Student: 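The structure's right below; bear with me while I get my questions together.
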Amino acid sequence: MRLWVILAGLLLLVVGCATSQASADDLPVGDASRGAALFKQSVNGAPECSSCHTTDGSTLIGPSFKGLSSTAATRISGLSARDYVYQSITNPPAYVVSGFSNLMYNQYAQRLTPQQIADLIAYLLSL
Ligand code: HEC
């Protein structure tokens, strides 16, 4: 009996640790063309990504997304490109790109739907 309690506790601990890692695994399948449109529009009171990011290599307030499909996987060791971009959108202060400040709007996790986040990730990883 006591062993089961300990095992259940350990299981909860493991699950807790696993879910605290940024993961895009629970998102629906994203659509890059919808993501391209979302990139340029304000959603649910949140500013459009294009007010701070470009896709052509030029820098605004945040880094350009040109080539992000290759750089994203190299940012945090152990985090896939998809999970990194997911974390960047939903929890920007978790990692601040070198040379930039922690200025990204930080309410996208609340303002965007999981589908919209998935669409944006699909778009960014096509760049
Ligand atoms: C108010 C300005 C601002 C807005 C709006 C903004 N960002 Fe950012 N973003 C930044 C800044 C500044 C950084 C660099 C600092 C950091 O890593 O948090 C950044 C970093 C990122 C990165 C990491 C890029 C890399 O090269 O590693 C991703 C991905 C990203 N933003 C996605 C988005 C998406 C998607 C949106 C729209 C849903 C968005 N951002 C809206 C300012 C912004």
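Fair warning: this is a prediction, and the values are worked out from it, not measured in the lab. Just so you know, ligand 1 is whichever comes first in the structure, and atom 1 is the first atom listed for that ligand.
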Student: Strictly under 2.8 Å, is atom 8 (Fe) of ligand 1 approached by any N, O or S atom of M104?
Tutor: yes
Student: Say whether, by atom type as modelled, one donor and one acceptor occur between the side chain of S101 and the main chain of L103 under 3.5 angstrom.
Tutor: no
Student: So which protein heavy atom does atom 30 (C) of ligand 1 come closest to, and at what separation?
Tutor: F65 CZ, 3.5 Å
Student: Using a 4.0 Å heavy-atom threshold (strictly under), name the region of I89 that reaches ligand 1: side chain, backbone, both or neither.
Tutor: side chain
Student: Does at least one non-hydrogen atom of I61 fall below 4.0 angstrom from an atom of ligand 1?
Tutor: yes
Student: S64 versus T54: any side-chain heavy-atom pair under 4.5 Å?
Tutor: yes
Student: Between Y123 and F65, does the ring centroid distance fall short of 6.0 Å?
Tutor: no
Student: Walk me through it: do L38 and Q116 pass the test side chain to side chain contact (heavy atoms under 4.5 Å, CB included)?
Tutor: CA-CA 8 Å; L38 278 169; Q116 289 170 327; 3.8 Å; yes
Student: List every atom of ligand 1 that sits less than 4.0 Å from any heavy atom of L120, numbering the atoms from 1 in the order shown and giving each element.
Tutor: 38 (C)
Student: Examine C52 and say whether one of its N/O/S atoms is closer to atom 8 (Fe) of ligand 1 than 2.8 Å.
Tutor: no
Student: Under a heavy-atom criterion of less than 4.0 Å, does F39 contact ligand 1?
Tutor: no
Student: Please name the pair of heavy atoms, one in I76 and one in Q87, separated by the smallest distance, quoted to 0.1 Å.
Tutor: CD1-NE2, 3.3 Å
Student: Any idea which heavy atoms bring L120 and G35 closest together, and the distance?
Tutor: CD2-O, 3.6 Å
Student: Kindly give the heavy-atom pair with the smallest separation between K40 and E48, and that separation in Å.
Tutor: C-CB, 3.7 Å
Student: Among all protein non-hydrogen atoms, which one is nearest to atom 29 (C) of ligand 1, and what is the separation to 0.1 Å?
Tutor: S88 CB, 3.5 Å
Student: Pull out every atom of ligand 1 sitting under 4.0 Å from any heavy atom of S101, numbered as shown with elements.
Tutor: 12 (C), 15 (C)
Student: What I want to know is whether Y95 and ligand 1 share at least one N or O pair that is separated by under 3.5 angstrom.
Tutor: yes
Student: Taking all non-hydrogen atoms of both residues into account, name the closest pair between V29 and R34 and its distance.
Tutor: O-NH2, 4.5 Å
Student: For D56, is the CG atom crowded, meaning more than 12 foreign heavy atoms sit under 6.0 Å from it?
Tutor: yes
Student: Identify the two heavy atoms, one from S69 and one from A81, that lie closest to each other, and give their separation to 0.1 Å.
Tutor: O-CB, 4.4 Å
Student: Give the residue, atom name and distance (to 0.1 Å) of the protein heavy atom nearest atom 41 (C) of ligand 1.
Tutor: Y108 OH, 3.3 Å
Student: How far is atom 26 (O) of ligand 1 from the closest protein heavy atom, and which atom is that?
Tutor: R75 NH2, 2.7 Å
Student: With clusters defined by side-chain heavy atoms of hydrophobic residues (ILVMFWY) lying less than 4.5 Å apart, directly or transitively, does I61 cluster with V97?
Tutor: no
Student: Evaluating non-hydrogen atoms only, which member of P93, C49, A46 is closest to atom 37 (C) of ligand 1?
Tutor: C49
Student: Return the closest protein heavy atom for atom 17 (O) of ligand 1 as residue, atom name and distance.
Tutor: V97 N, 2.9 Å
Student: Just to confirm my output: which protein heavy-atom neighbour is closest to atom 27 (O) of ligand 1, and how far is it?
Tutor: Y84 OH, 2.4 Å
Student: Name the option, out of H53, K66, Q87, that contains the heavy atom nearest to atom 6 (C) of ligand 1.
Tutor: H53
Student: Check each heavy atom of E48 against ligand 1 and say whether those closer than 4.0 Å belong to the side chain, the backbone, both or neither.
Tutor: backbone
Student: Measure across I117 and L27 and return the closest heavy-atom pair with its distance rounded to 0.1 Å.
Tutor: CG2-CD1, 4.0 Å
Student: Should one rank G67, P92, P63, G99 by closest heavy-atom distance to atom 14 (C) of ligand 1, which comes out on top?
Tutor: P63
Student: State the atoms of ligand 1, each with its element, that fall below the 4.0 Å cut-off from a heavy-atom position in S51.
Tutor: 5 (C)
Student: I need the contact type for L68 against ligand 1. Using non-hydrogen atoms and a strict under-4.0 Å cut-off, is it side chain, backbone, both or neither?
Tutor: side chain
Student: Look at atom 11 (C) of ligand 1 and say which protein heavy atom is nearest, naming residue and atom and giving the distance to 0.1 Å.
Tutor: G62 CA, 3.6 Å
Student: When Y108 is tested against each of I89, N91, T90 for side-chain contact (heavy atoms from CB on, under 4.5 Å), which residue passes?
Tutor: I89
